[in-house]
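A short write-up of the structure that comes next.
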There are 2 protein chains.
Amino acid sequence: MDELSLVSAIRACCGGKGRGVALGIGDDCAILRLGRGEELLATTDFVIEDVHFRRKTHTAADVGWKALGRGLSDVAAMGGEARWALVSLALPKWAGLRWVKGFYEGVGELGTKFGVSVVGGDVTRSEKLTADVVVLGVSPMGEALRRTGARVGDGIYVSGALGHAAVSGYREKPAPRLELGRKLRGKASACMDLSDGLALDLRRMCEESGVSAWLDGVLPAAPGATLEQALGGGEDYELLCTIPEGVLAPRGLTRIGTVQKGKAGEVWFAGVKMGAAGWDPFR
Amino acid sequence: MDELSLVSAIRACCGGKGRGVALGIGDDCAILRLGRGEELLATTDFVIEDVHFRRKTHTAADVGWKALGRGLSDVAAMGGEARWALVSLALPKWAGLRWVKGFYEGVGELGTKFGVSVVGGDVTRSEKLTADVVVLGVSPMGEALRRTGARVGDGIYVSGALGHAAVSGYREKPAPRLELGRKLRGKASACMDLSDGLALDLRRMCEESGVSAWLDGVLPAAPGATLEQALGGGEDYELLCTIPEGVLAPRGLTRIGTVQKGKAGEVWFAGVKMGAAGWDPFR
(Lines give C-alpha, C1' and ligand atoms only; values in the text may rest on other atoms or scores of the structure.)
Protein backbone atom coordinates (compact mmCIF):
# COMPACT_ATOMS: atom_id res chain seq x y z
CA MET A 1 0.00 0.00 0.00
CA ASP A 2 1.45 3.36 -1.00
CA GLU A 3 -0.08 6.82 -0.69
CA LEU A 4 -1.18 6.93 -4.33
CA SER A 5 -3.13 3.62 -4.16
CA LEU A 6 -4.75 4.84 -0.96
CA VAL A 7 -5.82 8.11 -2.51
CA SER A 8 -7.18 6.21 -5.55
CA ALA A 9 -9.30 3.99 -3.27
CA ILE A 10 -10.61 7.04 -1.43
CA ARG A 11 -11.42 8.85 -4.67
CA ALA A 12 -13.28 5.76 -5.98
CA CYS A 13 -15.39 5.71 -2.83
CA CYS A 14 -16.03 9.42 -2.44
CA GLY A 15 -15.56 10.79 -5.92
CA GLY A 16 -19.10 12.05 -6.57
CA LYS A 17 -19.40 15.77 -6.92
CA GLY A 18 -21.64 17.26 -4.28
CA ARG A 19 -23.49 20.53 -4.04
CA GLY A 20 -21.19 23.55 -4.11
CA VAL A 21 -18.05 21.49 -4.81
CA ALA A 22 -15.90 23.36 -7.33
CA LEU A 23 -12.93 21.03 -6.62
CA GLY A 24 -12.88 17.88 -4.48
CA ILE A 25 -10.21 15.36 -3.44
CA GLY A 26 -6.74 15.45 -5.00
CA ASP A 27 -5.42 19.00 -4.92
CA ASP A 28 -3.80 21.08 -2.16
CA CYS A 29 -7.20 22.39 -1.01
CA ALA A 30 -10.83 21.69 -1.78
CA ILE A 31 -12.68 24.62 -3.40
CA LEU A 32 -16.22 25.10 -2.08
CA ARG A 33 -19.00 27.55 -2.85
CA LEU A 34 -21.63 28.80 -0.45
CA GLY A 35 -25.00 30.08 -1.58
CA ARG A 36 -26.04 33.71 -1.23
CA GLY A 37 -27.03 34.62 2.30
CA GLU A 38 -25.37 31.51 3.77
CA GLU A 39 -22.73 31.45 6.47
CA LEU A 40 -20.23 28.66 7.02
CA LEU A 41 -20.31 26.22 9.96
CA ALA A 42 -17.07 24.35 10.71
CA THR A 43 -16.31 21.59 13.20
CA THR A 44 -13.64 18.90 13.60
CA ASP A 45 -13.53 15.72 15.71
CA PHE A 46 -11.02 13.01 16.47
CA VAL A 47 -11.90 9.32 16.61
CA ILE A 48 -8.97 7.37 18.07
CA GLU A 49 -8.40 3.66 18.62
CA ASP A 50 -8.75 2.64 22.28
CA VAL A 51 -10.06 6.12 23.15
CA HIS A 52 -13.24 6.34 21.02
CA PHE A 53 -13.45 2.78 19.65
CA ARG A 54 -11.90 -0.68 19.96
CA ARG A 55 -10.84 -2.95 17.11
CA LYS A 56 -12.56 -5.89 18.77
CA THR A 57 -16.01 -4.29 18.93
CA HIS A 58 -16.10 -1.87 15.97
CA THR A 59 -15.89 -2.73 12.28
CA ALA A 60 -14.13 -0.35 9.91
CA ALA A 61 -17.54 0.83 8.67
CA ASP A 62 -18.67 1.48 12.28
CA VAL A 63 -15.62 3.69 12.82
CA GLY A 64 -16.24 5.59 9.58
CA TRP A 65 -19.89 6.16 10.42
CA LYS A 66 -19.03 7.31 13.93
CA ALA A 67 -16.24 9.63 12.77
CA LEU A 68 -18.55 11.47 10.37
CA GLY A 69 -21.53 11.24 12.74
CA ARG A 70 -19.83 13.27 15.45
CA GLY A 71 -19.38 16.24 13.12
CA LEU A 72 -22.84 15.96 11.59
CA SER A 73 -24.28 16.12 15.09
CA ASP A 74 -22.35 19.35 15.74
CA VAL A 75 -23.86 20.90 12.61
CA ALA A 76 -27.31 19.65 13.69
CA ALA A 77 -26.81 21.40 17.03
CA MET A 78 -26.31 24.71 15.20
CA GLY A 79 -29.49 24.18 13.14
CA GLY A 80 -27.36 23.91 10.01
CA GLU A 81 -27.25 21.86 6.84
CA ALA A 82 -24.17 19.63 6.60
CA ARG A 83 -22.62 19.79 3.14
CA TRP A 84 -18.94 18.76 2.99
CA ALA A 85 -16.41 16.66 4.91
CA LEU A 86 -12.63 16.37 5.02
CA VAL A 87 -11.71 12.92 6.27
CA SER A 88 -8.19 12.19 7.56
CA LEU A 89 -6.72 8.85 8.58
CA ALA A 90 -3.48 7.99 10.35
CA LEU A 91 -3.01 4.26 9.91
CA PRO A 92 -1.12 1.62 11.88
CA LYS A 93 0.33 -1.39 10.06
CA TRP A 94 -2.69 -3.61 10.83
CA ALA A 95 -5.06 -1.37 8.88
CA GLY A 96 -4.67 -2.28 5.21
CA LEU A 97 -6.51 -1.20 2.11
CA ARG A 98 -9.49 -3.44 3.01
CA TRP A 99 -9.95 -1.70 6.34
CA VAL A 100 -9.62 1.72 4.69
CA LYS A 101 -12.28 0.83 2.12
CA GLY A 102 -14.62 -0.40 4.88
CA PHE A 103 -14.06 2.85 6.78
CA TYR A 104 -14.96 4.95 3.72
CA GLU A 105 -18.03 2.78 3.11
CA GLY A 106 -19.21 3.73 6.61
CA VAL A 107 -18.45 7.38 5.90
CA GLY A 108 -20.17 7.16 2.52
CA GLU A 109 -23.29 5.43 3.85
CA LEU A 110 -23.94 8.13 6.42
CA GLY A 111 -22.82 10.96 4.15
CA THR A 112 -25.21 9.90 1.39
CA LYS A 113 -28.16 9.99 3.81
CA PHE A 114 -27.54 13.67 4.44
CA GLY A 115 -26.12 14.86 1.14
CA VAL A 116 -22.59 15.31 2.51
CA SER A 117 -19.68 14.80 0.12
CA VAL A 118 -16.08 14.03 1.07
CA VAL A 119 -13.90 16.73 -0.52
CA GLY A 120 -10.49 16.20 1.04
CA GLY A 121 -8.40 14.90 3.91
CA ASP A 122 -4.96 13.59 4.76
CA VAL A 123 -3.46 10.10 5.08
CA THR A 124 -0.37 9.18 7.06
CA ARG A 125 1.08 6.58 9.43
CA SER A 126 0.63 6.24 13.19
CA GLU A 127 0.78 3.61 15.93
CA LYS A 128 -2.90 3.82 16.85
CA LEU A 129 -5.57 4.32 14.25
CA THR A 130 -6.58 7.98 14.30
CA ALA A 131 -9.34 9.54 12.26
CA ASP A 132 -10.04 13.24 12.16
CA VAL A 133 -13.17 14.39 10.39
CA VAL A 134 -13.98 17.99 9.54
CA VAL A 135 -17.60 18.75 8.71
CA LEU A 136 -18.48 21.97 6.92
CA GLY A 137 -22.08 23.09 6.76
CA VAL A 138 -24.15 26.16 6.09
CA SER A 139 -26.87 28.12 7.78
CA PRO A 140 -28.90 31.14 6.71
CA MET A 141 -26.93 34.24 7.76
CA GLY A 142 -27.40 35.00 11.45
CA GLU A 143 -29.77 32.11 12.17
CA ALA A 144 -27.38 29.47 13.54
CA LEU A 145 -28.20 28.22 17.04
CA ARG A 146 -25.68 28.73 19.84
CA ARG A 147 -25.28 27.30 23.30
CA THR A 148 -25.07 30.70 24.96
CA GLY A 149 -28.68 31.89 24.67
CA ALA A 150 -30.55 30.04 27.45
CA ARG A 151 -32.67 32.51 29.45
CA VAL A 152 -34.35 32.22 32.86
CA GLY A 153 -37.82 30.71 32.43
CA ASP A 154 -37.06 28.83 29.18
CA GLY A 155 -38.05 25.16 29.04
CA ILE A 156 -35.22 22.60 28.79
CA TYR A 157 -35.77 19.88 26.17
CA VAL A 158 -33.99 16.80 24.82
CA SER A 159 -34.64 14.83 21.66
CA GLY A 160 -35.20 11.05 21.57
CA ALA A 161 -34.20 8.91 24.51
CA LEU A 162 -31.14 9.16 26.74
CA GLY A 163 -28.55 6.50 27.45
CA HIS A 164 -29.10 4.43 24.30
CA ALA A 165 -25.45 4.56 23.32
CA ALA A 166 -24.38 3.31 26.75
CA VAL A 167 -26.97 0.49 26.62
CA SER A 168 -25.53 -0.62 23.26
CA GLY A 169 -22.01 -0.67 24.72
CA TYR A 170 -21.26 2.36 22.47
CA ARG A 171 -21.58 0.14 19.41
CA GLU A 172 -24.69 1.72 17.86
CA LYS A 173 -24.44 4.00 14.84
CA PRO A 174 -25.35 7.53 15.94
CA ALA A 175 -28.19 9.22 14.03
CA PRO A 176 -27.45 12.95 13.83
CA ARG A 177 -30.54 15.10 14.40
CA LEU A 178 -30.06 17.39 11.41
CA GLU A 179 -33.74 17.71 10.48
CA LEU A 180 -34.78 18.50 14.04
CA GLY A 181 -31.94 21.01 14.39
CA ARG A 182 -33.16 22.97 11.37
CA LYS A 183 -36.71 23.02 12.80
CA LEU A 184 -35.31 24.61 15.96
CA ARG A 185 -34.03 27.69 14.10
CA GLY A 186 -36.02 30.69 15.23
CA LYS A 187 -37.48 28.67 18.14
CA ALA A 188 -34.69 27.49 20.45
CA SER A 189 -32.86 30.10 22.53
CA ALA A 190 -29.89 27.73 22.92
CA CYS A 191 -28.94 24.34 21.49
CA MET A 192 -26.09 21.81 21.64
CA ASP A 193 -25.64 18.11 21.01
CA LEU A 194 -25.29 15.53 23.78
CA SER A 195 -21.90 13.96 23.23
CA ASP A 196 -20.61 13.62 26.80
CA GLY A 197 -23.85 13.00 28.71
CA LEU A 198 -26.72 15.24 29.81
CA ALA A 199 -25.22 16.13 33.20
CA LEU A 200 -21.93 17.45 31.82
CA ASP A 201 -23.32 18.97 28.61
CA LEU A 202 -26.17 20.77 30.39
CA ARG A 203 -23.65 22.15 32.86
CA ARG A 204 -21.63 23.48 29.93
CA MET A 205 -24.67 25.10 28.34
CA CYS A 206 -25.62 26.74 31.65
CA GLU A 207 -22.06 27.99 32.18
CA GLU A 208 -21.96 29.49 28.70
CA SER A 209 -25.41 31.06 29.14
CA GLY A 210 -24.77 32.26 32.72
CA VAL A 211 -27.77 30.42 34.16
CA SER A 212 -28.63 27.37 36.22
CA ALA A 213 -30.94 24.45 35.39
CA TRP A 214 -33.76 22.75 37.27
CA LEU A 215 -34.56 19.24 36.06
CA ASP A 216 -37.90 17.80 37.16
CA GLY A 217 -36.46 14.34 37.81
CA VAL A 218 -38.17 12.45 35.00
CA LEU A 219 -36.08 11.78 31.89
CA PRO A 220 -36.91 10.05 28.58
CA ALA A 221 -34.52 7.14 29.29
CA ALA A 222 -33.79 4.58 26.59
CA PRO A 223 -35.16 1.05 27.19
CA GLY A 224 -32.81 -0.69 29.58
CA ALA A 225 -30.88 2.47 30.49
CA THR A 226 -30.11 3.15 34.14
CA LEU A 227 -30.51 6.69 35.48
CA GLU A 228 -26.71 6.91 35.55
CA GLN A 229 -26.55 6.01 31.84
CA ALA A 230 -29.31 8.50 30.97
CA LEU A 231 -27.52 11.30 32.84
CA GLY A 232 -23.89 10.47 32.13
CA GLY A 233 -23.68 7.83 29.42
CA GLY A 234 -22.51 10.07 26.59
CA GLU A 235 -22.39 9.57 22.80
CA ASP A 236 -26.19 9.71 22.43
CA TYR A 237 -25.88 12.60 19.94
CA GLU A 238 -29.37 13.79 20.82
CA LEU A 239 -30.08 17.53 20.90
CA LEU A 240 -30.33 19.50 24.14
CA CYS A 241 -32.09 22.84 23.75
CA THR A 242 -33.94 25.58 25.56
CA ILE A 243 -37.17 27.07 24.21
CA PRO A 244 -38.89 30.17 25.59
CA GLU A 245 -42.32 29.75 27.24
CA GLY A 246 -45.11 30.18 24.71
CA VAL A 247 -43.07 28.85 21.76
CA LEU A 248 -44.31 25.49 20.50
CA ALA A 249 -41.57 22.85 20.63
CA PRO A 250 -41.16 20.77 17.44
CA ARG A 251 -42.12 17.09 17.59
CA GLY A 252 -39.51 14.70 18.91
CA LEU A 253 -38.56 16.73 21.96
CA THR A 254 -39.35 16.03 25.63
CA ARG A 255 -39.41 18.78 28.21
CA ILE A 256 -37.21 17.82 31.16
CA GLY A 257 -36.90 21.03 33.17
CA THR A 258 -36.63 24.80 33.34
CA VAL A 259 -33.83 27.37 33.14
CA GLN A 260 -33.53 29.29 36.41
CA LYS A 261 -31.50 31.98 38.12
CA GLY A 262 -28.60 30.84 40.22
CA LYS A 263 -24.90 30.09 40.02
CA ALA A 264 -23.89 29.73 36.36
CA GLY A 265 -23.50 26.07 35.48
CA GLU A 266 -25.36 24.56 38.41
CA VAL A 267 -27.73 21.73 37.55
CA TRP A 268 -30.40 20.52 40.00
CA PHE A 269 -32.01 17.12 39.50
CA ALA A 270 -35.23 16.43 41.45
CA GLY A 271 -34.16 18.95 44.08
CA VAL A 272 -30.58 17.67 44.47
CA LYS A 273 -27.54 19.55 43.17
CA MET A 274 -25.67 17.38 40.66
CA GLY A 275 -21.95 16.74 40.38
CA ALA A 276 -20.19 17.01 37.04
CA ALA A 277 -20.71 13.42 35.91
CA GLY A 278 -20.03 12.69 32.27
CA TRP A 279 -17.19 11.78 29.99
CA ASP A 280 -14.04 13.86 30.11
CA PRO A 281 -11.05 12.21 28.44
CA PHE A 282 -8.67 14.13 30.72
CA ARG A 283 -10.01 12.73 33.98
CA MET B 1 -5.69 18.97 33.71
CA ASP B 2 -9.34 18.58 32.68
CA GLU B 3 -10.98 19.47 29.38
CA LEU B 4 -12.40 22.74 30.69
CA SER B 5 -9.01 24.08 31.87
CA LEU B 6 -7.51 23.08 28.52
CA VAL B 7 -10.21 24.90 26.56
CA SER B 8 -9.72 27.97 28.79
CA ALA B 9 -5.98 27.97 28.04
CA ILE B 10 -6.66 27.67 24.32
CA ARG B 11 -9.23 30.46 24.39
CA ALA B 12 -6.79 32.71 26.27
CA CYS B 13 -4.19 32.11 23.55
CA CYS B 14 -6.44 32.29 20.50
CA GLY B 15 -9.42 34.31 21.69
CA GLY B 16 -9.04 37.32 19.39
CA LYS B 17 -11.79 37.75 16.85
CA GLY B 18 -10.55 37.58 13.30
CA ARG B 19 -11.97 38.76 10.01
CA GLY B 20 -15.27 37.09 9.15
CA VAL B 21 -15.53 35.28 12.48
CA ALA B 22 -19.15 35.41 13.67
CA LEU B 23 -18.47 32.78 16.37
CA GLY B 24 -15.11 31.31 17.40
CA ILE B 25 -13.98 28.67 19.89
CA GLY B 26 -16.42 27.20 22.42
CA ASP B 27 -19.59 26.13 20.63
CA ASP B 28 -20.44 23.03 18.56
CA CYS B 29 -19.26 24.74 15.35
CA ALA B 30 -17.48 27.93 14.41
CA ILE B 31 -19.58 30.37 12.34
CA LEU B 32 -17.64 32.05 9.53
CA ARG B 33 -18.56 34.58 6.86
CA LEU B 34 -17.07 34.85 3.40
CA GLY B 35 -17.05 38.07 1.44
CA ARG B 36 -19.04 38.54 -1.76
CA GLY B 37 -17.45 36.83 -4.74
CA GLU B 38 -15.19 34.68 -2.56
CA GLU B 39 -15.01 30.90 -2.62
CA LEU B 40 -13.82 28.73 0.26
CA LEU B 41 -10.51 26.82 0.32
CA ALA B 42 -10.26 23.96 2.82
CA THR B 43 -7.33 21.74 3.78
CA THR B 44 -6.38 19.54 6.73
CA ASP B 45 -3.06 18.06 7.83
CA PHE B 46 -1.82 15.74 10.54
CA VAL B 47 1.35 16.33 12.53
CA ILE B 48 2.16 13.20 14.55
CA GLU B 49 4.90 12.43 17.09
CA ASP B 50 7.65 10.20 15.64
CA VAL B 51 6.15 10.54 12.15
CA HIS B 52 6.37 14.31 11.54
CA PHE B 53 8.36 15.44 14.57
CA ARG B 54 10.34 14.15 17.56
CA ARG B 55 10.07 15.32 21.15
CA LYS B 56 13.84 15.50 21.41
CA THR B 57 14.35 17.87 18.50
CA HIS B 58 11.14 19.93 18.37
CA THR B 59 9.83 22.30 21.02
CA ALA B 60 6.08 22.60 21.56
CA ALA B 61 6.15 25.93 19.69
CA ASP B 62 8.01 24.30 16.77
CA VAL B 63 5.27 21.67 16.50
CA GLY B 64 2.52 24.30 16.62
CA TRP B 65 4.22 26.40 13.95
CA LYS B 66 4.74 23.36 11.73
CA ALA B 67 1.17 22.10 12.18
CA LEU B 68 -0.31 25.40 11.04
CA GLY B 69 2.41 25.98 8.44
CA ARG B 70 1.51 22.85 6.46
CA GLY B 71 -2.05 24.06 5.90
CA LEU B 72 -1.02 27.66 5.16
CA SER B 73 1.29 26.32 2.47
CA ASP B 74 -1.64 24.43 0.89
CA VAL B 75 -3.65 27.66 0.75
CA ALA B 76 -0.61 29.46 -0.72
CA ALA B 77 -0.45 26.79 -3.43
CA MET B 78 -4.02 27.63 -4.45
CA GLY B 79 -3.23 31.36 -4.60
CA GLY B 80 -5.56 31.93 -1.68
CA GLU B 81 -5.72 34.06 1.44
CA ALA B 82 -5.63 31.99 4.64
CA ARG B 83 -8.18 33.22 7.14
CA TRP B 84 -9.19 30.65 9.79
CA ALA B 85 -7.84 27.50 11.47
CA LEU B 86 -9.31 24.67 13.52
CA VAL B 87 -6.57 23.18 15.67
CA SER B 88 -7.02 19.74 17.25
CA LEU B 89 -4.74 18.00 19.72
CA ALA B 90 -4.71 14.42 20.99
CA LEU B 91 -2.41 14.40 23.99
CA PRO B 92 -0.35 11.71 25.70
CA LYS B 93 0.25 11.94 29.46
CA TRP B 94 3.66 13.63 29.02
CA ALA B 95 2.11 16.68 27.34
CA GLY B 96 0.75 18.86 30.12
CA LEU B 97 -0.74 22.33 30.12
CA ARG B 98 2.71 23.92 29.67
CA TRP B 99 3.33 21.98 26.46
CA VAL B 100 -0.14 22.83 25.18
CA LYS B 101 0.43 26.53 25.84
CA GLY B 102 3.78 26.37 24.02
CA PHE B 103 2.12 24.66 21.08
CA TYR B 104 -0.53 27.36 20.81
CA GLU B 105 2.14 30.04 21.08
CA GLY B 106 3.74 28.53 17.96
CA VAL B 107 0.37 28.42 16.23
CA GLY B 108 -0.39 31.98 17.31
CA GLU B 109 2.99 33.40 16.23
CA LEU B 110 2.62 32.09 12.68
CA GLY B 111 -1.14 32.77 12.53
CA THR B 112 -0.63 36.41 13.52
CA LYS B 113 1.87 36.92 10.68
CA PHE B 114 -0.79 35.99 8.14
CA GLY B 115 -3.99 37.19 9.80
CA VAL B 116 -5.23 33.67 10.54
CA SER B 117 -7.40 33.18 13.63
CA VAL B 118 -8.01 29.90 15.46
CA VAL B 119 -11.77 29.38 15.57
CA GLY B 120 -12.16 25.81 16.83
CA GLY B 121 -10.75 22.33 17.24
CA ASP B 122 -10.94 19.25 19.41
CA VAL B 123 -8.93 17.98 22.37
CA THR B 124 -8.65 14.40 23.51
CA ARG B 125 -6.22 11.73 24.73
CA SER B 126 -3.88 9.50 22.74
CA GLU B 127 -0.63 7.56 23.17
CA LYS B 128 1.37 9.61 20.68
CA LEU B 129 0.91 13.33 20.38
CA THR B 130 -1.27 14.01 17.35
CA ALA B 131 -2.18 17.41 15.99
CA ASP B 132 -4.60 17.94 13.15
CA VAL B 133 -4.90 21.42 11.73
CA VAL B 134 -7.60 22.56 9.33
CA VAL B 135 -6.92 25.78 7.43
CA LEU B 136 -9.78 27.60 5.75
CA GLY B 137 -9.03 30.33 3.26
CA VAL B 138 -10.66 32.25 0.47
CA SER B 139 -9.99 33.08 -3.13
CA PRO B 140 -11.82 35.27 -5.65
CA MET B 141 -14.46 33.07 -7.32
CA GLY B 142 -12.94 30.88 -10.04
CA GLU B 143 -9.38 32.18 -9.62
CA ALA B 144 -7.85 29.51 -7.37
CA LEU B 145 -4.78 27.73 -8.78
CA ARG B 146 -4.91 23.98 -9.35
CA ARG B 147 -2.29 21.34 -10.01
CA THR B 148 -4.08 20.03 -13.10
CA GLY B 149 -3.46 22.83 -15.57
CA ALA B 150 0.17 22.33 -16.72
CA ARG B 151 0.36 22.47 -20.53
CA VAL B 152 3.05 21.39 -22.98
CA GLY B 153 5.53 24.23 -23.45
CA ASP B 154 4.93 25.90 -20.09
CA GLY B 155 7.99 26.76 -18.03
CA ILE B 156 8.44 24.89 -14.71
CA TYR B 157 9.38 27.10 -11.75
CA VAL B 158 10.12 26.75 -8.05
CA SER B 159 10.29 29.41 -5.35
CA GLY B 160 13.24 29.90 -3.02
CA ALA B 161 15.84 27.19 -2.62
CA LEU B 162 15.37 23.43 -2.42
CA GLY B 163 16.48 21.07 0.32
CA HIS B 164 16.67 23.66 3.13
CA ALA B 165 14.39 21.65 5.39
CA ALA B 166 16.54 18.54 4.97
CA VAL B 167 19.73 20.56 5.67
CA SER B 168 18.21 21.80 8.93
CA GLY B 169 17.30 18.24 9.94
CA TYR B 170 13.65 19.22 9.46
CA ARG B 171 13.90 21.54 12.42
CA GLU B 172 13.39 24.85 10.62
CA LYS B 173 10.10 26.72 10.79
CA PRO B 174 8.49 26.61 7.34
CA ALA B 175 7.59 29.98 5.78
CA PRO B 176 4.41 29.55 3.73
CA ARG B 177 4.55 31.40 0.39
CA LEU B 178 1.15 33.06 0.66
CA GLU B 179 2.15 36.36 -0.92
CA LEU B 180 3.82 34.68 -3.89
CA GLY B 181 0.84 32.33 -4.33
CA ARG B 182 -1.51 35.28 -4.69
CA LYS B 183 0.79 36.90 -7.26
CA LEU B 184 0.57 33.69 -9.32
CA ARG B 185 -3.20 33.99 -9.78
CA GLY B 186 -3.92 34.65 -13.43
CA LYS B 187 -0.32 33.75 -14.34
CA ALA B 188 0.42 30.13 -13.35
CA SER B 189 -1.28 27.36 -15.32
CA ALA B 190 -0.71 24.94 -12.41
CA CYS B 191 0.61 25.27 -8.87
CA MET B 192 1.23 23.10 -5.80
CA ASP B 193 3.42 23.23 -2.73
CA LEU B 194 6.54 21.13 -2.23
CA SER B 195 5.83 19.04 0.82
CA ASP B 196 7.28 15.66 -0.17
CA GLY B 197 10.20 16.71 -2.40
CA LEU B 198 10.44 18.05 -5.95
CA ALA B 199 10.79 14.63 -7.62
CA LEU B 200 7.62 13.17 -6.13
CA ASP B 201 5.55 16.36 -6.16
CA LEU B 202 6.43 17.22 -9.77
CA ARG B 203 5.49 13.67 -10.75
CA ARG B 204 2.10 14.19 -9.08
CA MET B 205 1.51 17.50 -10.86
CA CYS B 206 2.44 15.90 -14.20
CA GLU B 207 0.13 12.91 -13.56
CA GLU B 208 -2.76 15.21 -12.69
CA SER B 209 -2.09 17.41 -15.72
CA GLY B 210 -1.46 14.48 -18.10
CA VAL B 211 1.99 15.72 -19.13
CA SER B 212 5.66 14.95 -18.59
CA ALA B 213 8.44 17.24 -17.31
CA TRP B 214 11.93 18.03 -18.58
CA LEU B 215 14.27 19.47 -15.95
CA ASP B 216 17.41 21.18 -17.23
CA GLY B 217 19.59 19.72 -14.50
CA VAL B 218 20.36 22.90 -12.58
CA LEU B 219 18.34 23.49 -9.41
CA PRO B 220 18.33 26.38 -6.92
CA ALA B 221 19.69 24.17 -4.12
CA ALA B 222 19.86 25.51 -0.56
CA PRO B 223 23.38 26.13 0.84
CA GLY B 224 24.75 22.79 1.94
CA ALA B 225 22.03 20.73 0.27
CA THR B 226 23.01 17.67 -1.73
CA LEU B 227 21.27 17.02 -5.04
CA GLU B 228 19.38 14.21 -3.32
CA GLN B 229 18.12 16.63 -0.66
CA ALA B 230 17.13 19.22 -3.28
CA LEU B 231 15.20 16.61 -5.27
CA GLY B 232 13.76 14.44 -2.52
CA GLY B 233 14.20 16.18 0.82
CA GLY B 234 10.63 17.23 1.41
CA GLU B 235 9.06 19.73 3.80
CA ASP B 236 10.52 22.74 1.99
CA TYR B 237 7.04 24.23 1.50
CA GLU B 238 8.21 26.14 -1.54
CA LEU B 239 5.84 26.57 -4.49
CA LEU B 240 6.13 24.52 -7.67
CA CYS B 241 4.30 26.03 -10.63
CA THR B 242 4.06 26.13 -14.38
CA ILE B 243 3.78 29.39 -16.31
CA PRO B 244 3.00 29.68 -20.03
CA GLU B 245 5.69 31.07 -22.33
CA GLY B 246 5.41 34.83 -22.68
CA VAL B 247 3.94 35.37 -19.22
CA LEU B 248 6.32 37.17 -16.87
CA ALA B 249 7.07 35.08 -13.77
CA PRO B 250 6.82 37.00 -10.47
CA ARG B 251 10.04 37.66 -8.51
CA GLY B 252 11.24 34.85 -6.27
CA LEU B 253 10.86 32.05 -8.80
CA THR B 254 13.56 30.14 -10.66
CA ARG B 255 12.88 28.39 -13.94
CA ILE B 256 14.05 24.75 -13.73
CA GLY B 257 12.56 23.14 -16.83
CA THR B 258 9.76 22.79 -19.34
CA VAL B 259 6.51 20.84 -19.57
CA GLN B 260 6.62 18.41 -22.49
CA LYS B 261 4.55 15.73 -24.18
CA GLY B 262 5.10 12.16 -23.04
CA LYS B 263 3.83 9.61 -20.57
CA ALA B 264 1.82 11.38 -17.87
CA GLY B 265 3.87 11.72 -14.70
CA GLU B 266 7.31 11.10 -16.17
CA VAL B 267 10.04 13.45 -15.00
CA TRP B 268 13.39 13.75 -16.82
CA PHE B 269 16.38 15.29 -15.07
CA ALA B 270 19.33 16.30 -17.24
CA GLY B 271 18.31 13.71 -19.81
CA VAL B 272 17.79 10.85 -17.31
CA LYS B 273 14.36 9.51 -16.38
CA MET B 274 13.83 9.89 -12.65
CA GLY B 275 12.45 7.38 -10.18
CA ALA B 276 9.76 8.37 -7.71
CA ALA B 277 12.04 9.53 -4.91
CA GLY B 278 10.44 11.52 -2.14
CA TRP B 279 8.67 11.02 1.13
CA ASP B 280 5.76 8.60 1.23
CA PRO B 281 4.76 7.58 4.76
CA PHE B 282 3.40 4.26 3.43
CA ARG B 283 6.71 3.02 2.02
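Naming convention: chains lettered A, B, ... in sequence-line order (proteins, then strands); numbering from 1 in each chain.
With respect to chain A, the highest number of heavy-atom pairs below 4.5 Å among B/Ala76, B/Ser139, B/Gly121, B/Gly120 belongs to B/Gly121. For the set B/Ala144, B/Gly142, B/Ser88, the count of heavy-atom pairs under 4.5 angstrom toward chain A peaks at B/Ser88. Of the residues considered (B/Gly20, B/Gly26, B/Ser126), B/Gly26 shows the highest number of contacts with chain A, using heavy-atom pairs under 4.5 Å.
Of the two parts of A/Met192, the backbone and the side chain both hold a non-hydrogen atom closer than 4.5 Å to a non-hydrogen atom of chain B. Only the side chain of A/Ile48 comes within contact range of chain B, with at least one heavy atom under 4.5 Å from a heavy atom of that chain. With a threshold of 4.5 angstrom between heavy atoms, B/Val134 approaches chain A through side-chain atoms but not through N, CA, C or O. In this structure, chain B has no heavy atom under 4.5 Å from any part of A/Glu38. At a 4.5 Å heavy-atom cutoff, A/Glu49 makes no contact with chain B through either its backbone or its side chain.
The shortest non-hydrogen separation linking A/Thr44 to B/Asp122 is O-CB, 3.5 Å. Between B/Leu32 and A/Glu39, the shortest heavy-atom contact is O-CB, 3.6 Å. Contact record, B/Arg125 with A/Val51: O-CG2, 3.4 Å, taken as the closest heavy-atom pair. Shown here for A/Thr130 and B/Phe46, the closest heavy-atom pair between the two residues is O-CZ, 3.7 Å. Considering all non-hydrogen atoms of both residues, A/Ala42 and B/Leu86 come closest at O-CD2, 3.8 Å. Closest approach of A/Cys29 and B/Asp74 over heavy atoms only: SG-O, 3.4 Å.
Annotation: side chain of A/Leu136 is in contact with side chain of B/Leu40 (closest heavy-atom distance under 4.5 Å).
For A/Asp27 and B/Arg146, the salt-bridge test fails: no basic side-chain N is under 4.0 Å from an acidic carboxylate O.
Remark: A/Glu127 CD is loosely packed, at most 12 non-hydrogen atoms of other residues, nucleotides or ligands lying under 6.0 Å away. Counting non-hydrogen atoms of neighbouring residues, nucleotides and ligands closer than 6.0 angstrom, the NZ atom of A/Lys101 reaches no more than 12 such neighbours.
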Checking side-chain contact (heavy atoms from CB on, under 4.5 Å) for the pair B/Met141/A/Arg33: CA distance, chi angles, key distance, verdict? CA-CA 8 Å; B/Met141 192 73 69; A/Arg33 290 179 183 165; 3.2 Å; yes
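Side-chain atoms of B/Thr43 come within 3.5 Å of backbone N or O of A/Asp28 as a donor-acceptor pair.
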